[in-house]
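Here is the naming used below: chain letters follow the sequence lines, and residue numbers restart at 1 for every chain. The analysis underlying the following values was restricted to heavy atoms, covering all of them including side chains, and did not include hydrogens, waters or symmetry mates.
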Amino acid sequence: MRWLSLLSTAAWATASLALHEDEAGVVDWYKAQIGVPLSHSPSTSPAFHMEPGKPPTEGLLLTATSSNVLAALHPMNGSVAWRYIFKSDDNIVYYQRHNNIVASLSGPGGATLRTFDFTKGHLLHETRLHHPNDGRLLEPDDFGTSVAFASDASDMFVLTSGHVLQRLDPTGDVQWTWTSPDQTSLVIYAKLISTETAVYVLGLTKSFASYTIHVTAVSPTTGEVLSNADIPSTILKGPSELITLTSQTDKNLYPHVVWVEAGSIRSVALVPKLNNKPTSIKGSTYDKIIDIGMHAEGYFVALQPDGSSRVIRLDAETSGLKIVWDFADSAKADRNTDSLYTGGVDKDGHPYVGRVYWSHSLSKASVHVYAPFLADGKGLVSGFTFAFDSNSHGIISHAAIHPAYVKELDLLPYVALTTTTGAVQLWQGDRLQWTREEGLSRIQVAEMIELPEPLSTASHTGDESFVGRLTRQLSDARDFPQYLAHFAKRFATGSYATATSRADPIDADVSTPLSRDPFGFRQVIIAATDLGKVYGIDSNTGEILWSRIFGLGWAAAVGGRVIPVKLFVTRTVSDGREPQVVIVGQRKADNSLVDTVLFHIDALTGDDAHGASPPGDVLQGQDLIAGPIIEAYLLDGDTKTVVLLDEYRQVYLYPDGPEHQKHFNRAAPGLNLPLRTGAPGVRQLTGHRLALGVGLDNRAVAYSTWASSFAPTEEILAIIPRPAGPVASLGKVLGNRSTLYKYLNPHTFAVITTGANTCGVYVIDGAKGSVIYHVALPARGSCDVQATFVENWLVYVYWDEEYQWIGQAKGRRVVSVEFYEGRAVDEKTRSSELSSFSNKTLEVTAYSRAFVFPHDVTAITTTATKYGVTSKDILVANTKGQIQSFTRLMLNPRRPKNKPTAEEQEEWLVQYDPIITDEPRRVLSHNYRVANIRRIVTSPALLESTSLVFAYGLDLFFTRTAPSGRFDVLSENFNKAQLIFTISGLAIGIMVAKPMVRRKKLQEKWYH
Amino acid sequence: MSTSLEYHTLDQSSKWRHLPPPPGFASLASTTKTPSAKAVAAATASYEVLKEKRAWDFAISPAKSLPMQAFMLYMSGGGVQIFSMGIVAMLLLSPFKNLAAINTAFVPFAPGPASPSKANSLSTLPLQKIAYIACNILTLGLGLWKCRSMGLLPTGTGDWLAFESRGPPPELTLF
């Protein structure tokens, strides 16, 4: 009996866990992303790389991204060819491709060198060049790091930390190391030029008010210094003003260093003895030189004071610099934006220089590509405009070109654009090939929103004449035969929507507005990024339904950015109309002013609910507070009102109508607002209440009522509120039918702190600041405690460093804590409706158990269902790139340490086992590698059994899970045909038997 | 058209009509001897004693079947199944049924030539009836005990948890 029940427990638990293979890709979707390309420096920005002699379709677009990824995209369709995700403390600072190898430097000062196979992205080898703590942190990141490939072999010269040069062979072994003799000197090396005779290391010497170029020539074979020289020069800003040029076509040409000094371009040829003198280009003045990533081909672009640009190259005839092209109309003008310059090489090695700009008058973007070798070597510029959508992708921040198909007098280059909203686009000529919304790797706030039911056709209104009604009903009846046929088919075949099929809407017509499927699995995900864009994503497919750019308001003139802080659902489907959201953002203008702006959006279409901005245009926000906010809340009740607190703790409401005011004024005396206060590092939690009408403009003002007493070294890391979901059961019934009443104090929340050598987990009553639960965990340098809190259940995961006892190992632990009212079983304090002034709020019993957890966790949450009846699973994103679910059964803190008794078995308690094994059946994410998940959002579906799960971080992943099994739908293998056959068989049996029985009864009456 | 069967013709024409009647069967009214009054009184008294004895037997009859029912309950096991539920239902219902029919059940044992209304009243055979009620309560107790051991009696707080409700909190904390 006991074994049977145990067995059934196990079977029940596993049946609900495993994801079936045929459901993968149907109930879930996954989007691999690379992050927003870093476009500030040529050493990390996107560039096309082609394999010589192969068609352009086999090339790759390489880039390093702000999400710390080195990635290669297929230019044909924009899919990810490969990507390598660096750890967060090992940020990529440099990459370079040479033939079949991509080399990258990452970490402080370029601590780690990795080489990758160009086509497949396999990591070939990884060399730690110095300990990350020894690296010199320079600004910008890529300063002081460089890689150059030896001209004869595939050896690499690697410059790290601005003063160490090493030669490494392809296996990663260091051949020799040259360290700048005087590390305390003011020389910081920044660039490398590799030639057969010498490796030139270029650096800057800090002198009074400016820098001077310093060059050291090092022997490539031995690493000995050949010569040292200071080049008389004045560099004002830093290494970005320095361009090195070499020529691949003419090996006899010496490499050059180019810089701008006092309005003229100066250059010097580098020879091993370093005895050349700098020369200038005569003729005109220049403001700036732009590195277009073409040093190997010897091209760069120089800007004149009026903004007009010239292409200059290292020329074999003159053995020096030569102006080869002037871009027409490139001077600064009101009708154009400033131009971006970029370079590219075709498959034959011919260089090209491109210029990209946005034309205000045409509202289109333009590309001009200069091909020096065309038109018999005289050079040719080919230009075209393309319809770049600035209203949905922002401003072009980087462009990379690749002339894929070169004709005699025409160029049709690939142009890869990176925009300020994080989109990566590929244009071929004026045709858009693909767009990747990499901004989605930087989602700040996201929420899932239920869709309305499909609109019933033609709801008639009020009075209509008899004829009118007749015609309407006739026209309605037009669909009747179709409906009948559909009904018959559905009845006969049993082809209903099932819980494991794709959630297609009931009426899959494109023209109708968004509507939900029968089970409510289809929702719209609203996600806002810190790049100033908000997306509406179809949870069914991951497709972007709409997207809007946040407008900057007055800050558009000076520049700035909008960082979304909170996202509130101010109207849901249950309110009877289209759902709406309010995004609270902080607008940081470039002149350092911070404002609070609100964007009120229709969730289904992305339209401005406020009506200020037409569809397709930039979304204009409403400036609510001229200053930052401390916190924003949603007051849910008769109305849904956004409550904002400015830095003087004054209350602003949105919407501000009389109805909302009234609702707020009624609720205000009972509102508690726990806030983080104090300077960074010594923050405390302070509880606030509201005083109505005492602030400026009769605003309510929050005043403090209590303060936490964290130790001075303790810093608040995170506040984890308890989601206000429905609680189906107020207690836990034990085997002997006594009850543990759940502690459901609505004011509680969890706080994670970091201290001197401990991490703290607190549960605090937000109404009066009393600590209900507190543990101090051993810290590993920094605290990476992840916690989730729902109903009366707190779960936290941490790394346990302590192992002072024999047999005690360090490892990850998950601790599950449940809070119950009173001190004993059957005691109740009615905590959920208790006044916060009652002493009984402190009568709590906490049960806890710790388990060993298999993986490090980056995000943790619980499932959410409509009525809260379904048991809640813990969902976890781990560092292995998986989304896992763990049942409450397993994490029950009341699991007995001895064999469960009959009463405990009735509660489904299984014996405590400290180890939670890494079971593949618990993985929701199939075999996708869902990387760097920062948060998991769960949302209830219409089916009580099912919870929708959306995970975001670098990648996006969506699935649905049924923690207690799909108990509210017929199982997949329910045999409908059998049921119908049985019933119809019985009916036929009755029909046949009925006359026979009647006859028999009559006969009996006669003969008895 | 209606037909009627005339049996008397069958009687008269029967070839067996001259047979003597069976022993103890008299077609003619026999002559009755009136017994003596004393014998009648004795017979009546012994009959009353017998009735009273039978009434007591009947009153404690539910108690007599208790061991058997207990054994049946033991055999039916602790699970909530159709068999055990049937027995429990019988145990719970039969006392009430018995008590509802208590007066009619005791009518045959009513002392003397009681009129039907008197025989049916609750005050006849009071001791026996009290015993009968007690025994039925014993049966009911056995059924309830079984219910309790099967966990069917709502005795714990857990059984009433679903009916508990909580109002909204007087104060709110916003996060």
Legend entry - Greatest number of heavy atom pairs closer than 4.5 Å to chain B - which of G766(A), P674(A), G687(A): P674(A)
Inset, instruction - Can you tell which part of L834(A) gets under 4.5 Å to a heavy atom of chain B, answering side chain, backbone, both or neither? - result: backbone
Legend entry - Contacting region of L675(A) [heavy-atom separation from chain B under 4.5 Å]: neither
Legend entry - Side-chain ion pair, R830(A) and E833(A), N-O less than 4.0 Å: yes
Legend entry - Side-chain donor-acceptor contact under 3.5 Å, D826(A) with T157(B): yes
Legend entry - Centroid-centroid distance, F58(B) to Y132(B), less than 6.0 Å: yes
Inset, instruction - Select one option (side chain, backbone, both, neither) describing which atoms of T155(B) are under 4.5 Å from chain A's heavy atoms. - result: both
Inset, instruction - Answer whether the closest heavy-atom distance between the side chains of Y703(A) and R689(A) falls below 4.5 Å. - result: yes
Legend entry - Heavy-atom proximity to chain B below 4.5 Å, by part of S835(A): both
Inset, instruction - Give a yes/no verdict on a cation-pi contact between R699(A) and Y652(A), requiring under 6.0 Å between NZ or CZ and the six-membered ring centre and an angle within 45° of the axis. - result: yes
